[in-house]
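A, B, ... follow the sequence lines: proteins, then strands. Residue 1 opens every chain.
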Protein chains: 2
Amino acid sequence: MSQSTPGTKNRGRPKVRPQALAGQAPAAREKPAEKENRIHRAIVDGVMEQRLKPGTKLPEAALCELFGVGRSLVQKVLQRLAHDHIVELRPNRSAIVAMPSREEVGKLFEARRALEAAVLPLVAEHATRADYASLRRQLRKEHAAMHRYAQTEWAGLASAFHIRLGELSRNPMLRRYLSELISRCSLVVALFQPPGNATCEHDEHERVVDCLEKGDVRGARREMDRHLRDLEAHIQLVEEDTDLSLADMLGLAADP
Amino acid sequence: MSQSTPGTKNRGRPKVRPQALAGQAPAAREKPAEKENRIHRAIVDGVMEQRLKPGTKLPEAALCELFGVGRSLVQKVLQRLAHDHIVELRPNRSAIVAMPSREEVGKLFEARRALEAAVLPLVAEHATRADYASLRRQLRKEHAAMHRYAQTEWAGLASAFHIRLGELSRNPMLRRYLSELISRCSLVVALFQPPGNATCEHDEHERVVDCLEKGDVRGARREMDRHLRDLEAHIQLVEEDTDLSLADMLGLAADP
DNA sequence: ACCGGATTTTTTGTCGACAATTAATGGTTT
DNA sequence: AAACCATTAATTGTCGACAAAAAATCCGGT
């Protein structure tokens, strides 16, 4: 199969465009650490909202200009993003937005199922009445957003539920690992979920809390496992075999 | 060239001493990435073998001189170490070797129990005959080292068993998380285990493999949980309440 | 016209310099 | 003598500069 397209000089992956990154104006004076977080958040948001598509190049120089900082900061941020698997970092090459393969996505959800299951007994062990109450409050907000068709807000709240469970395990390491997996999953969901295709998820979250509050850990695990498999089943990977530069270019051409 | 100025007053936390870091001579030409790994490994080894005690300051300038690199590299390495919780990184202050509190250690082992339990079913699902055979081979080496009283080697092999289980889960994320927790645990064990107090661990590892090979996941989980609780029970934390600078000074005073 | 090698361009890797921040020191007052 | 404040020293935070690697481009041979 021939992949060489004669005459196409500007072939390759798209570079970052200014509009793709919400240009947060640097406040008059900000604490040093905040600068780093600002850049980090801007890129994460860009990826989550699909302004930055997988494979997009993120050259350090461009980011420096866009955010008005030196390369040291940009490098530190890219390092962090690479560790969270949001960008891919190759030696002597531009960092690119991570493009998980079909298999990686499978393993990712597998890991998440395992970790959520591992967390539930600890939640049941440590959670108090007040904790369950706050969970219920969160679920109400979630429902409200869903019925309002506030897509992105709802996605955030749905993740927040799982993250809250991680917190309720009262274990910082498990919480951190779970948060990491949840972020990556919602990234994948955002990537492969064409806008509008909202997976209405009934009240699977509620059922998990019901079981937990009854002390039925095994039931909670079962419900959670089913919920996560549902979530995974709802995403369809549309993947190109070896080279998606053409698709990228088309995507880039369709400029808002 | 005078090496270290003997007139410095060493009050407060101990600083890094040249002997405490195995001075790997930089090979004639090494790949860029290897430099970073060399420094990383040197510090990790130093901590594991207790040449670098918790609370030891690691100023960037000193590390630069010791390894003959610039501050960028040192910073990158410290960043990585901080992420692995081997050093603690405070803003505008020297990085110090991490000193886990009693509670952190408890949570650490809790997380590890949860994760090892979560990994076992996947191992049982994916492992082949050959995998079990290689596990058994590894166990034989472990036994040999134990009977030879090769303390440090045996510790490494014992960790290797658990790490191998992580690999056999065939899940990169779970493998990485588990490896991280195992490293931190063996770090803690090394810290609080006075040399000579070898916890002979019978053949708890064998029992886990036995259950796995029989397809008895639940049994394997039970054995593993017991094994890890045993391990935790064998470490005694000798901790100071709020401030251990005095103890540090004493530790430093007892200088070879 | 096409392929392969030399050249230019882009981009990262690494370093030392300067500014900012914190800890340590010393001097003054009560 | 103890506490407080000003000054000094040590250490990190951030930046641009230069070198090295890879990619993109150009060019001559078949």
Side-chain angles (χ1 to χ4, degrees), chain A residues 2-16 26 28-40 55-82 87-97 243 245 249, chain B residues 4-5 7-16 26 28-40 55-82 87-97 243 245 248-249:
Chain A
S2 71
Q3 53 186 9
S4 65
T5 35
T8 314
K9 299 274 184 168
N10 215 354
R11 195 159 70 83
R13 304 195 141 78
K15 291 183 187 175
V16 64
R29 285 286 178 276
E30 56 185 348
K31 286 211 179 84
E34 294 307 321
K35 264 207 242 181
E36 198 181 312
N37 289 346
R38 198 183 86 234
I39 304 173
H40 186 273
T56 303
K57 285 210 289 188
L58 298 172
E60 296 179 3
L63 298 176
C64 289
E65 260 199 278
L66 282 174
F67 291 103
V69 298
R71 292 208 306 138
S72 308
L73 276 223
V74 167
Q75 275 174 337
K76 223 181 337 180
V77 171
L78 286 178
Q79 206 83 18
R80 238 169 81 190
L81 290 168
V87 308
E88 202 172 322
L89 219 52
R90 285 120 86 238
N92 290 321
R93 303 272 273 287
S94 284
I96 62 174
V97 177
D243 167 60
S245 59
M249 282 167 66
Chain B
S4 57
T5 47
T8 52
K9 295 187 205 175
N10 258 337
R11 298 211 299 149
R13 296 195 146 78
K15 290 183 188 174
V16 62
R29 284 287 177 274
E30 56 185 346
K31 287 212 183 87
E34 294 307 320
K35 266 208 243 181
E36 198 181 310
N37 289 346
R38 199 184 84 234
I39 305 173
H40 186 273
T56 304
K57 285 210 288 189
L58 298 172
E60 295 179 3
L63 297 176
C64 289
E65 261 198 278
L66 283 173
F67 290 103
V69 299
R71 293 208 305 139
S72 309
L73 276 227
V74 167
Q75 275 173 338
K76 224 184 331 183
V77 171
L78 287 178
Q79 206 84 17
R80 238 169 80 192
L81 290 168
V87 308
E88 202 171 322
L89 219 51
R90 287 118 86 235
N92 290 320
R93 303 271 274 286
S94 285
I96 62 174
V97 177
D243 166 59
S245 60
D248 278 327
M249 283 167 64

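- Of the residues near DNA chain C, A95(A) and S72(A), the one whose nearest nucleotide (by heavy atom distance) lies more toward the 5' end is A95(A).
- Across all non-hydrogen atoms, the minimal contact from L89(B) to Q79(B) is CD2-OE1, 4.2 Å.
- Note on K76(B): a side-chain N or O is less than 4.0 Å away from OP1 or OP2 of dT14(C).
- Note on R71(B): a base of the nucleic acid sits closer than 4.0 angstrom, heavy atoms only.
- Going from atom CD of Q79(B) over to atom P of dT14(C) covers 15 Å, rounded to whole Å.
- In this model, the phosphate group of dT12(D) is not approached by any side-chain N or O of K57(B) to a distance below 4.0 Å at OP1 or OP2.
- Contact between the side-chain N/O atoms of R93(B) and the OP1/OP2 oxygens of dT11(D) is not found at any separation under 4.0 Å.
- Look at CG on N37(A): it is 14 Å from P on dG13(D), rounded to the nearest Å.
- L81(B) places none of its side-chain heavy atoms less than 4.5 Å from the side chain of L58(B).
- Atom C1' of nucleotide dG16(C) and atom CD of E65(B) are separated by 14 Å, given to the nearest angstrom.
- Here the side chains of N37(A) and R80(A) are in contact, with some heavy-atom distance below 4.5 Å.
- Between L63(A) atom CG and dT14(D) atom C1' the separation is 17 Å, expressed in whole Å.
- Counting to the nearest Å, the P atom of dG13(D) and the CD atom of Q75(B) are 7 Å from each other.
- Closest to the side chain of L73(A), out of dT21(C), dT14(D), dT14(C), is dT14(D).
- When side chains are defined from C-beta on, I96(A) counts as touching R90(A), because their heavy atoms get closer than 4.5 Å.
- An OP1 or OP2 oxygen of dT12(C) is reached within less than 4.0 angstrom by a side-chain nitrogen or oxygen of S94(A).
- Atom P of nucleotide dT14(C) and atom CZ of F67(B) are separated by 15 Å, given to the nearest angstrom.
- Contact of the Q75(B) side chain with the L78(B) side chain is not registered, since no non-hydrogen atoms from C-beta on lie closer than 4.5 Å.
- In terms of polar N and O atoms assigned as donor or acceptor, the side chain of R90(B) never comes within less than 3.5 Å of the base of dT12(D) in a complementary pairing.
- When each of L78(B) and P91(A) is assigned the nucleotide of DNA chain D bearing its nearest heavy atom, the one mapping closer to the 5' terminus is L78(B).
- E60(A) places its CD atom 12 Å from the C1' atom of dT10(C), with the value rounded to the nearest Å.
- Note: CG (N92(B)) to C1' (dT12(D)) measures 6 Å, nearest angstrom.
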